[in-house]
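A short write-up of the structure that comes next.
Below, all heavy atoms of this structure are taken into account, side chains as well, without hydrogens, waters or symmetry copies.
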Amino acid sequence: MTQAEATPPTGKRVLLAKPRGYCAGVDRAVQTVEEALRLYGAPIYVRKEIVHNKHVVRTLEAEGAIFVEENEEVPEGATVIFSAHGVAPEVYEQARARSLKAIDATCPLVTKVHQEAKRFAAEDYDILLIGHEGHEEVIGTAGEAPEHIQLVDGPDGADKVTVRDPSKVVWLSQTTLSVDETLETVARLKTRLPLLQSPPSDDICYATSNRQHVVKEIAPECDVVLVVGSRNSSNSVRLVEVALDAGARAGHLVDFATEIDDAWLEGARTVGLTSGASVPDELVQDVLAHLAARGFADVEEVVTANERLTFSLPQELKRDMKAAAAAARA
């Protein structure tokens with residue numbers, strides 16, 4: 001008899017979202033720190049959190065990574081890794097001035113938005129950057145062309161926009177936003193700026209869109225949706241909002257299973273479970289075990305997309321890894 005057959009049915013179930021958890025950009029960024037520690041040895045300095053997840057940061061700290069806020073905190077000549085969220089050009093200049101060995105772990109999908117910003121600025125467009133004020137990704141993108149970029153923080157921000165030439169304006173966006181809210185913001189902008197141009201391809205990343213889509217699928221059936229993720233993770237916070245907008249009766253964001261309040265589960269028959277793009281799946285498995293111990297042993301995985309995208313490691317790191325491997329063979 002299997003464990004599932006031995007467990008008496010309780011009528012309680014978990015709808016487990018897929019895709020969930022790590023995206024290609026996060027996987028690449030975390031791997032970059034791990035490989036750098038192996039190759040160069042500890043300590044390795046990381047500017048800002050490599051990804052927005054408490055568990056990941058703590059794990060890498062235990063392995064010898066030192067997280068700093070600015071380049072000034074990194075000893076001259078040391079190795080520094082720039083986070084997945086991207087940095088402004090001035091950060092590279094600061095690193096050069098301190099003779100730092102900089103490894104750029106910016107997600108390639110964020111780099112794409114940076115390139116768009118530079119191109120439209122070179123063509124003298126006004127650029128409306130849809131995103132959250134103070135988010136690292138927004139700071140990095142805006143730093144590419146500060147004299148051309150103005151931030152639009154949500155639909156209400158659309159009413160405050162002023163441009164030089166209404167026929168020469170384009171919108172770009174932070175990659176981790178709510179798809180629906182971004183479309184609403186663009187619609188509001190277009191009522192004032194009918195000639196507003198769109199980016200050549202969608203700026204909101206595939207992983208953000210996919211995770212929101214599957215949550216929309218399961219939310220109407222859920223008494224409560226649990227999202228595993230950290231509070232400074234934009235895409236994780238958005239997942240709770242999307243779940244509530246899509247019909248979930250309640251939604252909560254937790255870093256760890258231990259943060260789940262049993263009162264949230266009282267009277268619930270169906271719990272939805274997902275995780276943000278910077279969350280390792282072991283944390284989701286911990287939540288599943290926590291729920292199973294409270295009668296939610298029936299788990300149904302709901303799949304709306306299969307993600308196969310991967311990104312290669314930063315060139316500067318790959319080059320050093322190749323040189324080290326050649327030296328070891330010699």
Side-chain angles (χ1 to χ4, degrees), residues 19-36 39 44 46-53 56 60 65 79-92 95 101-122 127 129-132 135-145 149 170-177 179 182 198-213 233-236 238 275-280 305-322:
R20 63 180 181 275
Y22 269 15
C23 63
V26 164
D27 198 30
R28 173 183 186 264
V30 174
Q31 234 187 308
T32 296
V33 179
E34 291 171 340
E35 292 291 350
L39 185 61
I44 293 292
V46 184
R47 184 184 179 276
K48 307 290 186 184
E49 292 188 355
I50 188 69
V51 296
H52 287 155
N53 184 263
V56 170
L60 292 173
T79 298
V80 63
I81 296 174
F82 297 147
S83 83
H85 306 102
V87 296
E90 64 181 348
V91 176
Y92 293 99
K101 179 184 181 64
I103 297 173
D104 185 5
T106 301
C107 173
L109 299 178
V110 174
T111 300
K112 176 183 82 75
V113 181
H114 281 231
Q115 299 300 340
E116 289 168 354
K118 286 192 280 191
R119 181 164 69 81
F120 283 113
I127 300 166
L129 178 59
I130 301 172
H132 296 303
H135 191 279
E136 286 159 43
E137 186 187 324
V138 165
I139 293 168
T141 303
E144 294 288 0
I149 292 176
V170 64
W171 69 269
L172 303 176
S173 84
Q174 183 181 330
T175 63
T176 54
L177 298 179
V179 176
T182 301
S198 300
S201 60
D202 196 351
D203 284 346
I204 294 179
C205 91
Y206 76 98
T208 298
S209 300
N210 286 348
R211 279 149 193 70
Q212 290 178 16
H213 178 66
S233 164
S234 177
N235 77 89
S236 299
R238 298 292 84 72
S275 57
S278 48
V279 178
N306 286 302
E307 296 177 349
R308 296 187 178 87
L309 183 66
T310 58
F311 295 130
S312 63
L313 292 170
Q315 287 299 324
E316 52 273 57
L317 179 59
K318 281 169 62 178
R319 193 168 52 242
D320 287 356
M321 288 169 69
K322 192 173 176 183

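For the atom pair SG of C107 and CG of D27, the computed distance is 11.0 Å after rounding to the nearest 0.5 Å. We find the CG-OG1 distance between L60 and T32 to be 10.5 Å, quoted to the nearest 0.5 Å. Between atom CZ of residue R28 and atom CD of residue Q31 there is a gap of 10.0 Å, rounded to the nearest 0.5 Å. The distance from atom CG of L317 to atom CD1 of I103, rounded to the nearest 0.5 Å, is 5.0 Å. The distance from atom CG of L172 to atom OG1 of T141, rounded to the nearest 0.5 Å, is 8.0 Å. Separating the CD1 atom in I127 from the CD atom in E144 is a distance of 10.0 Å, to the nearest 0.5 Å.
Pairs of residues two or more places apart, or lying in two chains, that qualify as salt bridge (Lys or Arg N to Asp or Glu O under 4.0 Å) and include a residue from residues 309-320 are K101-D320.
Contact detail for A277 and N235: the closest heavy-atom pair is N-OD1, 2.8 Å. In this structure, L109 and C205 approach most closely via the heavy-atom pair CD1-CB, 3.5 Å. Between V33 and A65 the shortest heavy-atom distance is CG1-CB, 4.0 Å. Taking each heavy atom of V279 and N53 in turn, the nearest pair found is CG2-ND2, 3.6 Å. Across all their heavy atoms, L177 and T208 have their closest contact at O-CG2, 3.4 Å. Closest of all the heavy-atom pairs between I149 and A117 is CD1-CB, 4.1 Å.
Residues D104 and Q315 have side chains not in contact (no heavy-atom distance under 4.5 Å, counting atoms from C-beta outward).
Applying the side-chain hydrogen bond (donor to acceptor under 3.5 Å, both in side chains) criterion to E307, with sequence neighbours excluded, gives N210, R211. With sequence neighbours excluded, the residues that form a side-chain contact (heavy atoms from CB on, under 4.5 Å) with A84 are A29, V51. Residues forming a side-chain contact (heavy atoms from CB on, under 4.5 Å) with L309 (at least two apart in sequence, or on another chain): A24, Y206, F311. Residues that satisfy the ring-ring contact (aromatic ring centres under 6.0 Å, His included) test with Y22, not counting sequence neighbours, are absent from this structure. Shown here are the side-chain contact (heavy atoms from CB on, under 4.5 Å) partners of E136, two or more places apart in sequence or in another chain: K48, H52, S83, H85.
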Working note: I204 + T182, criterion side-chain contact (heavy atoms from CB on, under 4.5 Å); need CA distance, chi angles, decisive distance, verdict.
CA-CA 9 Å; I204 294 179; T182 301; 3.4 Å; yes
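Counting only distance, with no hydrogens or angles, the side chain of Q174 and the backbone of H132 share a donor-acceptor pair below 3.5 Å. Remark: side-chain polar atoms of E137 are paired, donor with acceptor, to backbone N or O of T175 under 3.5 angstrom.
A side-chain donor from one of S234 and R238 sits under 3.5 Å from a side-chain acceptor of the other.
Between E116 and the options H114, K112, R119, a side chain to side chain donor-acceptor pair (under 3.5 Å) holds for only K112.
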